[in-house]
Amino acid sequence: MSTTVRVDLGGRSYDVVIGADAFAGLRRLLAGRRRIALVTQTDIDALHGKIVRAALTETGAQVDTFLMGNGEDAKTLATVERLCREMAAWGLLRGDAIVALGGGIVGDTAGYVAASYYRGVDVVQVPTTLLAMVDAAIGGKTGVNLPEGKNLVGAFHQPIGVFADPAVLASLPNREFRCGLGEVAKYALMDDDAELGAIVRGRSAELVAREPATLATVIARCAAIKARVVSADEFERTGVRAVLNLGHTVAHGLETGGGYGLLHGEAVAVGLVFDLELAAALERISPATAESARALVAALGLPTAAPKGLRADDLLAIMARDKKSRGGLTFVLPGPNGVERVDDPDPVAVRKAFAAIGVES
Ligand SMILES: NC(=O)c1ccc[n+]([C@@H]2O[C@H](COP(=O)([O-])OP(=O)(O)OC[C@H]3O[C@@H](n4cnc5c(N)ncnc54)[C@H](O)[C@@H]3O)[C@@H](O)[C@H]2O)c1
């Protein structure tokens, strides 16, 4: 059984297939291809490479595996050059396909290889982390890091399909799973009809225990929200796509400041509580809504407060530096018109929101 979410982009539309038989869909989509390059990492290959390669081989294509390293240090132009050269040596042509099997690191890098190689070949995303299933694999943002900054070189290159089998998440290290839960909480709080929030609240224990059916329901709902946003603003031009940054302003501040021992998803969780408290302090939402958001984050086992000893001035200085190019502070906050961008909110409300996540003035 699987659920399909359509990413509606006219001629570039594609399906995100979520469920136990997602890889059968992968086989059907790529049937008839001549060659398929599978890009992955050694650990993921050992865990999940066999089943995906079997599906790809059943298409009748010649399949070869191209390995890349782990972590942000491997998401580089050097990796892109090496992968492109290996694919050229193997004889991959424009009508062939690339399959990215992994988390956001593999997806972003292989996606950028696909955007560039032969000026663009088809890519299929097979996400293996919760973060990639709900976020990175959908929407066509690809790219790599430079020493000067993260994701500085990249391209919009939509996949032709995304195939997510929640069963692969069983092997995901706990800290990586938590990173994905931070993004799930974000979608739950930006969901207009509150359906995802109700599922997450009602089934948080199953979700944290990685029960595949619950995961499939939650991932499908998150994917539908991301698909809707991407369809409305494919190239991040109208500002609609910025709503995906809910919780991320303070999260970036916490991370840029050295992480303070927080993982990305945990920093996002704290950032979500901050944003909802800020929205309440600005009277955009009720205090009860902010309180309920805090409860949702807590139900996922994520932190709702910043580590002790942090000062608002220090974080504000980091956040202002972070946003130097635009000047001032930008948040995306819920309100009567849904989630929208708010520039330079009242400093008194900002301090109140900091206090609500345990950050001293
Ligand atoms: N393109 C986008 O729209 C977008 C959105 C969000 C994040 N990102 C990018 O995604 C990256 C982070 O991605 P991530 O959080 O998925 O991390 P990741 O890709 O580094 O994966 C985390 C770790 O888990 C391992 N792993 C992956 N799947 C596994 C599995 N099923 N079982 C066991 N181990 C597994 C990986 O080898 C890796 O060591 C960042 O570079 C970020 O910039 C991109």
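Whatever order the structure lists them in is the order used to number ligands and atoms, beginning at 1. All figures in this text were calculated on a predicted structure; none of them were measured in a lab.
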Throw together a table of side-chain donor-acceptor distances under 3.5 angstrom for residues 104-116, partners on residues two or more places apart or in other chains.
residue: Asp108; atom: OD2; partner: Lys75; partner atom: NZ; Å: 2.9
residue: Thr109; atom: OG1; partner: Ile105; partner atom: O; Å: 2.7
residue: Ser116; atom: OG; partner: Tyr112; partner atom: O; Å: 2.6

Problem set entry | Salt-bridge criterion met for Asp346 and Arg351 (N-O under 4.0 Å) | no
Problem set entry | Distance-only N or O hit between ligand 1 and Arg241, under 3.5 Å | no
Exercise. Under a 4.0 Å N-O cut-off, is there an ion pair linking Asp45 with Arg53?
Worked result: yes
Exercise. Are any of the N/O atoms in Ile138 less than 3.5 Å from those in ligand 1?
Worked result: no
Exercise. At a 4.0 Å cut-off, with the gap strictly under it, does some heavy atom of Leu169 reach an atom of ligand 1?
Worked result: no
Seminar exercise, completed: Between Ile98 and the options Val123, Val124, Leu83, Asp122, the side-chain contact (heavy atoms from CB on, under 4.5 Å) test singles out Val123
For this session: Could you list which atoms of ligand 1 come closer than 4.0 Å to a heavy atom of Leu47?
Result: 32 (N), 33 (C)
Seminar exercise, completed: Among Thr129, Val106, Leu101, the residue with a heavy atom nearest to atom 27 (C) of ligand 1 is Thr129
For this session: Go through ligand 1 atom by atom and flag the ones less than 4.0 Å from a non-hydrogen atom of Asp135.
Result: 5 (C), 6 (C)
For this session: Output the list of atoms in ligand 1 that are nearer than 4.0 Å to some heavy atom of Lys226, sorted by atom number.
Result: 3 (O)
Problem set entry | Backbone or side-chain N or O of Gln41 under 3.5 Å from ligand 1 N or O | yes
Problem set entry | Residue and atom name of the nearest protein heavy atom (relative to atom 32 (N) of ligand 1), distance in Å to one decimal | Ser171 OG, 2.7 Å
Problem set entry | Exam field: side chain Glu266 to backbone Leu263, donor-acceptor pair closer than 3.5 Å | yes
Problem set entry | Numbered atoms of ligand 1 (with element) below 4.0 Å of Glu72, judged on heavy atoms | 40 (C), 41 (O)
Exercise. Which option, Thr42, Asp108, Leu131, Leu263, owns the non-hydrogen atom nearest atom 9 (C) of ligand 1?
Worked result: Asp108
Seminar exercise, completed: Residue, atom and distance of the protein heavy atom nearest atom 10 (O) of ligand 1 read Gly104 CA, 3.3 Å
Exercise. Can you list the ligand 1 atoms lying under 4.0 Å from a non-hydrogen atom of Leu172?
Worked result: 26 (N), 27 (C), 28 (N), 29 (C), 30 (C), 32 (N), 33 (C), 35 (C)
Problem set entry | Test of proximity, Asp43 against ligand 1: N or O pairs below 3.5 Å | no
For this session: Output all residues satisfying salt bridge (charged side-chain N to carboxylate O under 4.0 Å, His left out) with Glu360, sequence neighbours left out; order by chain, then residue number.
Result: Arg311
Exercise. Would one find more than 12 heavy atoms of other residues, nucleotides or ligands at under 6.0 Å from atom CD of Glu283?
Worked result: no
Exercise. Can you find an N/O atom of Pro173 closer than 3.5 Å to an N/O atom of ligand 1?
Worked result: no
Exercise. Should you measure from each heavy atom of Glu176, which atoms of ligand 1 turn up under 4.0 Å away?
Worked result: 22 (C), 23 (C), 24 (O)
Exercise. Heavy atoms, side chains only, cut-off 4.5 Å: are Val243 and Asp233 in contact?
Worked result: no
For this session: Provide the number and element of each atom of ligand 1 under 4.0 Å from a heavy atom of Asn151.
Result: 43 (O)
Problem set entry | Heavy atom of the protein closest to atom 43 (O) of ligand 1 (residue, atom name, distance) | Lys75 NZ, 3.2 Å
Exercise. Does some non-hydrogen atom of Pro127 fall short of 4.0 Å from ligand 1?
Worked result: no
Problem set entry | Glu255 and Lys150 ion-paired at < 4.0 Å | no
Exercise. Which atoms of ligand 1 sit under 4.0 Å from any heavy atom of Ile105?
Worked result: 11 (C), 13 (O), 18 (P), 19 (O), 20 (O), 41 (O)
